[in-house]
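Convention: sequence-line order gives letters A, B, ...; per-chain numbering from 1. No experiment lies behind these values; they were computed from the predicted model shown.
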2 protein chains.
Amino acid sequence: MAKKIINNIRKLRFEHDEMTQAALAEALGVTRQTVAAMEGNKYPPSLELAFRLADVFDEDISYVFEYVNE
Amino acid sequence: MAKKIINNIRKLRFEHDEMTQAALAEALGVTRQTVAAMEGNKYPPSLELAFRLADVFDEDISYVFEYVNE
DNA sequence: ACTTAATGTAAAATATTTTTAACAATTATT
DNA sequence: AATAATTGTTAAAAATATTTTACATTAAGT
């Protein structure tokens with residue numbers, strides 16, 4: 001049973017004062033395109049960046065990203 | 001305040017029937033050197049591999065890897 | 001309709017991770 | 001002491017992730 005990584009970035013951005021991709025990118029220290037790519041599941045971020053994301057949103061990493069059956 | 005990723009892989013291997021690095025590598029579908037490198041904090045794994053690790057140990061990803069202040 | 005802010009997307013370049021291969025060091029067993 | 005199993009480590013190549021640059025699209029506000 002194959003699994004895939006999904007993310008709740010868009011949801012979390014809106015729960016955090018409708019933070020824009022650009023504002024999130026700034027907070028993370030990456031480009032806006034990197035945020036867009038992660039959010040759109042173009043490719044997964046590094047573990048380090050995933051943890052920084054969790055920190056910015058003050059959430060557990062396993063809520064920001066989930067590993068679920070396809 | 002800089003943070004770093006630490007891991008509990010060695011501990012988890014021993015809690016799981018003293019699983020060797022080779023056996024864990026086999027279960028993950030990676031090489032033994034990759035397991036050794038992760039365990040020795042040579043470099044962090046990809047997010048995908050971190051999730052697979054959590055699956056193998058049946059633990060939450062945030063227990064296998066922790067993001068802590070240095 | 002026009003302007004601005006926000007987002008989507010893609011190609012090429014750069015950076016990081018994983019693999020491969022090889023050998024050394026350690027630990028356990030006989 | 002010798003052997004086997006496990007682990008440590010390193011270098012180079014391969015694979016994958018990330019950044020940059022650039023332009024297109026969408027949504028909101030005036």
Inset, instruction - Side-chain contact test, heavy atoms from C-beta onward, threshold under 4.5 Å: evaluate it for K11(A) versus Y63(A) and give yes or no. - result: yes
Legend entry - Phosphate OP1/OP2 of dT19(C) contacted by T31(B) side-chain N/O (<4.0 Å): yes
Inset, instruction - For residues Y67(A) and L47(B), determine if any side-chain heavy atom of one lies less than 4.5 Å from a side-chain heavy atom of the other. - result: no
Inset, instruction - Kindly point out which of dT19(D), dT9(D), dT9(C) is positioned nearest to the side chain of A36(A)? - result: dT9(C)
Legend entry - Nearest-angstrom distance from the residue atom CG of L47(B) to P of dA17(D): 10 Å
Inset, instruction - Please state how far atom CE in M38(A) lies from atom P in dG8(C), giving the value in whole angstrom units. - result: 13 Å
Inset, instruction - Between T20(A) and Y43(B), name the one whose nearest nucleotide on DNA chain C is closer to the 5' end. - result: T20(A)
Legend entry - Interatomic distance where CG belongs to L24(A) and C1' belongs to dT7(C) [whole Å]: 13 Å
Inset, instruction - State, with a plain yes or no, whether a side-chain heavy atom of M38(A) is found less than 4.5 Å away from one of L49(A). - result: yes
Inset, instruction - Tell whether Q33(A) reaches the base of dT21(D) with its side chain through a donor-acceptor pair below 3.5 angstrom. - result: yes
Legend entry - E39(B) with R13(B): basic N within carboxylate O range, under 4.0 Å: yes
Legend entry - Most 5' of R10(B) and S46(B) on DNA chain D, judged by nearest nucleotide: R10(B)
Inset, instruction - Figure out the CZ/P separation between R32(B) and dA24(C), and round it to whole Å. - result: 14 Å
Legend entry - Rounded interatomic separation in angstrom, taking CZ from F65(A) and P from dA17(D): 13 Å
Legend entry - Protein-nucleotide distance (N7(B), atom CG; dT17(C), atom C1'), rounded to Å: 16 Å
Inset, instruction - Mind calculating the distance between CD1 (I9(B)) and P (dG8(D)) to the nearest angstrom? - result: 12 Å
Legend entry - L49(B) side-chain proximity, nearest of dT18(C), dT19(D), dG8(C): dT18(C)
Legend entry - Most 5' of V30(A) and Q21(B) on DNA chain D, judged by nearest nucleotide: Q21(B)
Inset, instruction - Check M19(A) against A23(A) and note the closest heavy-atom contact, atom names and distance. - result: CG-CB, 3.7 Å
Legend entry - Any K42(A) side-chain nitrogen or oxygen under 4.0 Å from OP1 or OP2 of dG8(C): no
Inset, instruction - Could you state the atom-to-atom distance from CD of E39(A) to P of dA6(C) in whole Å? - result: 14 Å
